[in-house]
Amino acid sequence: MALRRNEQPAENGRLIETDVLVIGGGPSAAWAALSAAEAGARVVLADKGYHGTSGATAPSNTGTWCVPPGEGRAASVEQRFKRTAGLADRRWMLRSADRAYENLQKLVEWGYPFPSEEDGSLYVANLRGPDYMRFMRRRVHKAGVTILDHHPILELLGDDNHIGGAAGLVRRTGASFRVSAGAVVLATGGCAFFERILGGTGLTGDGYLFAVEAGASLSGMEFTGKYTLAPHGSSLNKGLPFRWATFYRENGEVLRDGRGEPVTNGIGGGERQVADAMLSGPVYARLDLAEPAMRDWLRRGQPNCFQPYDRMGIDPFEDLFRVELKYEGTVRGTGGIRLVTSDCATGIAGLYAAGDAASRENVTGGVSGGGAVNASWAIASGWWAGHGAAQHARRRRGRDNARLQALGTTGLRGRGERQYIDLAAAARTVHDEIAPLDKSYWRTAGSLEASRRVLEDLWSKLSRAKPATGIERLRSREVASVTASARWTVAAALLRTESRGVHRRRDFPGENESQTGRIIVSGLDRVTAVREDLALEDLALGTAQEG
């Protein structure tokens, strides 16, 4: 059946037809849907949660990389490039800044309630997550996009030549549905590896698994060692207030660095000392470097940062409180699906990627974080991917998708189909091999090899497991996606025998200039990791020999 715009599918519906399918519900998904709709495509957006509230942006107060046209833009790109560990691409950075600025101006035209400066001008560099995503949902709906809330996609549909849709389930009932599409945009977000962080529950690397099953590859997966300070036991990975923190040991002594100076600024120079100290015992903090005016500004500007303290009866500016480092994987790390064209194509016909689902190396290199460039990347890449998908779908109109095959493997279709597996235990296992500080903040060949063996064994068990049914298929696929993402991370981290960006090797503590290049990973049952420059040389050599 073909749906009218904005119409929700009947639960017993078997097929939805559209031009462009956008998978995901965050900002990159919204911008992709708007771009495709503006290009004249029929668009369906399928979200695992409720579009406008799911993902890492919705509960955040996020800044953007907002640089007006002019000479200052090139200077801003050059300044940021110096912080990318040599792996970004200035051309992508420049066009990302340009596209993001244009789309921020669209928000102004559409009436988004930006805050005002003292002179009355709009401050367009800031987006309040809940307001932003609520506004984007309304805009997506107004553009005629069909929004499928709580309709997680489980696998792509395709053949040897192209991707032509996807299949999923209805969360409320467990019923199946399929979408036939001229092109698909993966805007599924990053992978939080089952860490408890704001908006991270549904961020399980689904798009990575879909892409690799289709034949695409990933890049930057070694740059997943991104952690953020949080009050111990909370999910609040909002590190900004820790810029004004001093850190203490459990006995109340001030934590000191190698020069004997107090360790401060947990989102800057003090982070590594804090991480090292946590390996030997609890660490405490107090935001005692914030002056009264700054304390007021922090409470007004970052109100959700202080809710956990208020609930615990703690004044973080006066009281000591225990802290932990929350693992953020590719949500605030860098890795993701490798892009091969300027419109965010993946190299697989009909398949595009945007936002955290795509590798951000082009704009952030080996160093990433929250907001700023990442928020602007979500805007820009979403717009490009949506436009590219619409153009591809236009070229495919009228072609038959009847021969498409389901591409999903582990988590949906087991090889042995007999072995039972405890998904909760599997989730704990993969988390325990990727999130601890001594495994992903500080890495060694020994720890990586040990994790590789555990993860390969787990993947083998998942691949032999009895297929899940009904709603359980979603959890089964999420565990498979996170396990696969962990395997790709470990493979890339083993190959990069240096410390660069947020990839830190204790056994290779220095940066090696000869490794200023990207690492490409791919494969399901057999994971491969190769240096991009060598892979391109081999490809060129093979082409020359064929000629």
Side-chain angles (χ1 to χ4, degrees), residues 1-11 13 15-60 62 100 102-114 127-153 165-166 168-172 177 179-189 199 202 352 354-355 357 375 378-390 393:
M1 65 177 181
L3 294 184
R4 295 188 300 274
R5 291 191 172 188
N6 298 121
E7 180 185 347
Q8 292 278 350
E11 289 186 13
L15 180 65
I16 303 164
E17 296 177 346
T18 190
D19 295 322
V20 173
L21 169 64
V22 178
I23 306 175
S28 63
W31 285 108
L34 289 174
S35 178
E38 184 179 279
R42 297 171 302 159
V43 184
V44 169
L45 183 152
D47 191 358
K48 183 190 292 189
Y50 181 85
H51 175 47
T53 64
S54 58
T57 295
S60 303
T62 183
E102 290 297 319
N103 284 20
L104 288 170
Q105 298 309 305
K106 288 181 182 290
L107 288 177
V108 174
E109 296 170 9
W110 296 338
Y112 177 76
F114 284 105
L127 294 166
R128 299 177 302 278
D131 299 338
Y132 174 36
M133 292 312 303
R134 186 164 51 246
F135 183 90
M136 291 301 290
R137 180 186 174 91
R138 290 199 299 267
R139 196 72 198 182
V140 167
H141 188 274
K142 185 176 181 179
V145 174
T146 298
I147 301 172
L148 307 181
D149 294 312
H150 305 298
H151 279 61
I153 296 296
L169 62 82
V170 183
R171 294 190 76 149
R172 191 167 66 85
F177 71 96
V179 180
S180 175
V184 174
V185 177
L186 296 175
T188 48
Y352 299 76
I379 294 171
S381 61
W383 191 262
W384 296 327
H387 187 267

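Atoms considered below: every heavy atom in the structure, side chains included; atoms not considered: hydrogens, waters and symmetry mates.
Proximity of a side-chain donor or acceptor of S35 to a complementary backbone N or O of H387 within less than 3.5 Å is detected. No side-chain donor-acceptor contact under 3.5 Å links T18 to the backbone of A181. Remark: side-chain polar atoms of R171 are paired, donor with acceptor, to backbone N or O of K48 under 3.5 angstrom.
Atom CD1 in I153 sits 5.0 Å away from atom CD1 in I23 (nearest 0.5 Å). Between L34 atom CG and I379 atom CD1 the span is 11.5 Å, to the nearest 0.5 Å. One finds the OH atom of Y132 at 8.0 Å from the OG1 atom of T62 (value rounded to the nearest 0.5 Å). For the atom pair CG of L186 and OH of Y352, the computed distance is 12.0 Å after rounding to the nearest 0.5 Å. Atoms NE2 and OG1, on H141 and T146 in that order, are 8.5 Å from each other to the nearest 0.5 Å. One distance of note links NE2 of H151 with NE2 of H51; it measures 14.5 Å at 0.5 Å rounding.
Closest approach of L104 and F114 over heavy atoms only: O-CE1, 4.0 Å. Taking each heavy atom of G52 and A58 in turn, the nearest pair found is O-CB, 3.9 Å. Here the shortest heavy-atom pairing between A389 and V185 reads CB-CG2, 3.6 Å. The minimum heavy-atom distance linking A29 with L45 is given by the pair O-CD1, 3.8 Å. Looking at every heavy atom in both residues, V22 comes nearest to A187 through CG1-CB, 4.4 Å. Contact record, P59 with G55: CD-O, 3.3 Å, taken as the closest heavy-atom pair.
Taking the six-membered ring for Trp and thresholds of 30 and 60 degrees, F135 and W110 have nearly parallel ring planes, at less than 30 degrees apart.
Using a 4.0 Å cut-off between charged side-chain N and carboxylate O, D47 and R137 make no salt bridge.
Using modelled atom types and a 3.5 Å distance limit, the side chains of R139 and Y112 yield no donor-acceptor pair.
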**Request:** Take M133 and L127, measure what side chain to side chain contact (heavy atoms under 4.5 Å, CB included) needs, and give me the verdict at the end.
**Result:** CA-CA 9 Å; M133 292 312 303; L127 294 166; over 6 Å; no
